[in-house]
Amino acid sequence: MAFRRRKSYPVFSQEFVIHNHADIGFFFVLCVLVGLMFEVTAKTAFIFILPQYNSSMQSLDGEIVYYHYGVKDLATILFYIVIAIILHAVVQEYILDKINRRLHLSKVKQSRFNESGQLAAFHLTSMFWCLYVSATEGYLSSPKTLWESYPHVYLSFQVKFFYLCQLAYWLHALPELYFQKVKKEEIPRQLQYIVLYLLHIAGAYLLNLTRLGLILLLLQSVAEFLFHIARLFYFTDENNQKLFNAWGVVFVVSRLFTLTLSVLTIGFGLARAEIHAFNPDKGNFNTLLFRMVVLLLMCLSQTWMMWRFIHFQLRRWRECCKEQAAKKRAAVVSMGKQQAKILKRESGYHENGIVKAENGSATRLKKIKSP
């Protein structure tokens, strides 16, 4: 008598960890929220949830609370890293996976579709958030505020919370490379833009250039949102490439505005400031060397992005040329076949030395008997 062999289900396998990372993150968030209910743990829980290092200042409108950065910000960033991981899993499971089942994409296209879907949702949120914060803080209506009263040590709640969430999102993207099973060939490309975002956002936050950083992030979010939306439409229909042209225009304009604002703020605005001293305790880094290094890094990053953009456009142009050449060859072959059919219909064709018409009937010559 044959017995069926029971299947073994590994409890702590890699798949178990990957599919349940959101549950572990939800458990951590729940523990922090429960900690708010008890007086003993409430102070520790607030460190994870709310921005720290607040101080009140008197003004004409009354008492205003401002914030500055410190080591405790790492705890807040950790909490929102876990929140970002949970939201990433929700968007993936309830939106992107359902669309993937309908499209029936290949594994490579499916991986890039998921990447663009996640980034499109993030950049859309970031774009409107940047626009709201910049408008309410008055950075759009008065460009002089980008460099006036530097260093911008004291931040409003919404500005500091925005930067902490931005850092948390791009830091969460590092473990997501493992959770999403990204291929080794794709990891270097994704690491490039993750590290670039972290360097720019952390640099603006730590060097007290938060006002300029907000405007530059707004420009970047608009261009990146259009790019990932164009990719999503391209994966659904490869003939739909019009959005790439719109993205190309917005990308070039955003690069020009980024360089212009950087030179205007750092090269001219900070150069005319009253205090030119290197004082990290007061958050002042306004020296000639500092301005030159920051401008050099900005120019290098924008040049690198433009080089990748040109490379991308050249690759698209080559692909379009190959497709057009293939279509012309197919058209020439089909025209040759049609001409051959027309000649056959007009003059018939030979088979085994006998002339046949198009309908297959053959004309045979009568044999004359010899006398």
**Asked** Rounded to the nearest 0.5 Å, how far does CD1 of I201 lie from OG1 of T210?
**Response** 12.5 Å
**Asked** Does any N or O in the side chain of N208 come within less than 3.5 Å of the main-chain N or O of P151, such that one atom is a donor and the other an acceptor?
**Response** no
**Which atom of S254 lies closest to which atom of L219, heavy atoms considered** = CB-O, 4.0 Å
**Message:** Can you see whether F251 has R255 sitting over its ring - NZ or CZ less than 6.0 Å from the centre and within 45° of the normal?
**Reply:** yes
**Message:** Quick one, H276 and T287 - any side-chain contact, counting heavy atoms below 4.5 Å?
**Reply:** no
**F233 CZ: over 12 foreign heavy atoms closer than 6.0 Å** = no
**Prompt:** Donor-acceptor pair, Y80 side chain versus I49 backbone, under 3.5 Å?
**Reply:** yes
**Request:** Decide side chain to side chain contact (heavy atoms under 4.5 Å, CB included) for H200 and S301; before the verdict, give the C-alpha distance in whole Å, the side-chain angles of both, and the deciding distance to 0.1 Å.
**Result:** CA-CA 10 Å; H200 282 75; S301 64; 3.5 Å; yes
**Prompt:** When you check the side-chain N and O atoms of D73 and Y205, is any donor under 3.5 Å from an acceptor?
**Reply:** yes
**Message:** Give me the atom names and distance for the closest heavy-atom approach of W247 to Q313.
**Reply:** CZ3-NE2, 3.6 Å
**Asked** Under 3.5 Å, side chain of T136 to main-chain N/O of V133, donor-acceptor pair present?
**Response** yes
**Message:** Is there a path of hydrophobic side-chain contacts, each under 4.5 Å between heavy atoms, that joins L164 and L74?
**Reply:** no
**Complete:** Here the pair of heavy atoms bringing A45 nearest to G35 is CB-C, 4.0 Å
**Item:** Student check: side-chain heavy atoms of Q180 and Q190 closer than 4.5 Å
**Value:** no
**Message:** Does any part of the side chain of H152, heavy atoms only, come nearer than 4.5 Å to the side chain of L209, both counted from C-beta?
**Reply:** no
**Message:** Working note: L214 + Y163, criterion side chain to side chain contact (heavy atoms under 4.5 Å, CB included); need CA distance, chi angles, decisive distance, verdict.
**Reply:** CA-CA 9 Å; L214 268 172; Y163 270 93; 4.2 Å; yes
**Asked** Under 6.0 Å between the ring centres of F225 and F128?
**Response** no
**Prompt:** With a 3.5 Å cut-off and no angle check, do the side chains of H172 and H88 form a donor-acceptor pair?
**Reply:** yes
**Prompt:** Where does the angle between the aromatic ring planes of F312 and F227 fall among parallel (under 30°), tilted (30 to 60°) and perpendicular (over 60°)?
**Reply:** perpendicular
**Message:** Can you tell me how far apart CE (M306) and CZ (R308) are? Round to the nearest 0.5 Å.
**Reply:** 13.0 Å
**Asked** Could you give the distance from CG (N286) to CZ (R291), rounded to the nearest 0.5 Å?
**Response** 5.0 Å
**Asked** Would you say the side chain of I85 lies within less than 4.5 Å of the side chain of E176, judging by non-hydrogen atoms?
**Response** yes
**Request:** Mind checking side-chain contact (heavy atoms from CB on, under 4.5 Å) for F122 and listing every partner two or more places apart, or none if nothing turns up?
**Result:** S126, Q166, Y169, W170
**Prompt:** Side chain of T125, backbone of A121: donor and acceptor closer than 3.5 Å?
**Reply:** yes
**Request:** Return yes when atom OH of Y193 has more than 12 non-hydrogen atoms of other residues, nucleotides or ligands closer than 6.0 Å, and no otherwise.
**Result:** yes
**Any V108 side-chain heavy atom under 4.5 Å of K183 side chain** = yes
**Approximate separation, where rounding is to 0.5 Å, of L96 CG and E115 CD** = 11.5 Å
**Message:** Is it true that Q92 and D97 share a donor-acceptor pair across their side chains at a distance under 3.5 Å?
**Reply:** yes
**Request:** Please confirm whether H311 and F309 have ring centers closer than 6.0 angstrom.
**Result:** no
**Request:** Mind running side chain to side chain contact (heavy atoms under 4.5 Å, CB included) on Q192 and W304 for me, showing each step along the way?
**Result:** CA-CA 11 Å; Q192 284 179 356; W304 180 78; 3.4 Å; yes
**Request:** Applying side chain to side chain donor-acceptor pair (under 3.5 Å), name anything that partners N284, two or more places apart in sequence or on another chain.
**Result:** none
**Message:** Would you say E137 and Q158 are linked by a side-chain donor-acceptor pair, where the criterion is simply a distance under 3.5 Å?
**Reply:** yes
**Asked** Within a strict 4.5 Å, meaning less than it, do heavy atoms of the L264 and L146 side chains meet?
**Response** no
**Prompt:** Is a side-chain N or O of T76 found less than 3.5 angstrom from the main chain of I47, in a donor-acceptor match?
**Reply:** yes
**Request:** Decide whether I86 and L171 are clustered together by the hydrophobic rule: side chain heavy atoms of Ile, Leu, Val, Met, Phe, Trp, Tyr closer than 4.5 Å, transitively.
**Result:** yes
**Item:** Side-chain heavy-atom pair E224, L119 within 4.5 angstrom cut-off
**Value:** no
**Request:** Answer yes or no: is there a donor N or O on one side and an acceptor on the other, between the side chain of K160 and the main chain of Q52, under 3.5 Å?
**Result:** yes
**Message:** Grouping I, L, V, M, F, W and Y whenever their side-chain heavy atoms are under 4.5 Å apart, do V250 and V252 come out in a common cluster?
**Reply:** yes
**Message:** More than 12 heavy atoms of other residues, nucleotides or ligands under 6.0 Å from CZ of F244: yes or no?
**Reply:** yes
**Item:** Between Y67 and Y154, ring centroids under 6.0 Å
**Value:** no
**Asked** Should L155 and F157 be counted in the same cluster of Ile, Leu, Val, Met, Phe, Trp and Tyr side chains packed under 4.5 Å apart?
**Response** yes
**Message:** If you define the side chain from C-beta out and look only at heavy atoms, does anything of F278 sit under 4.5 Å from L289?
**Reply:** no
**Asked** Are E186 and R189 close enough for a salt bridge, meaning some N to O gap below 4.0 Å?
**Response** yes
**Message:** Does atom CZ (F28) have a neighbourhood of more than 12 heavy atoms from anything else shown, all under 6.0 Å?
**Reply:** yes
**Request:** Can you measure from CG (L217) to OG (S134) and round to the nearest 0.5 angstrom?
**Result:** 9.0 Å
**Prompt:** Distance from Q302 atom CD to T258 atom OG1, nearest 0.5 Å?
**Reply:** 5.0 Å
**Request:** Answer yes or no: is there a donor N or O on one side and an acceptor on the other, between the side chain of Y234 and the main chain of L243, under 3.5 Å?
**Result:** no
**Prompt:** Can V253 be reached from M305 by stepping across I, L, V, M, F, W or Y side chains whose heavy atoms are under 4.5 Å apart?
**Reply:** yes
**Item:** Evaluation steps, side chain to side chain contact (heavy atoms under 4.5 Å, CB included), between L177 and L191
**Value:** CA-CA 9 Å; L177 296 176; L191 278 177; 3.8 Å; yes
**H68 versus V153, closest heavy-atom pair with distance** = CB-O, 3.6 Å
**Request:** Can you see which heavy atom on L140 is nearest to which on A135, and at what distance?
**Result:** CD1-N, 4.1 Å
**Main-chain N/O of V65 paired to N54 side chain as donor or acceptor, under 3.5 Å** = no
**Fill in**
Heavy-atom nearest pair, L232 first then A120, reads CD1-CB, 4.3 Å
**Asked** Is the backbone of T145 close enough, under 3.5 Å, to the side chain of R211 for a donor and an acceptor to pair up by distance?
**Response** yes
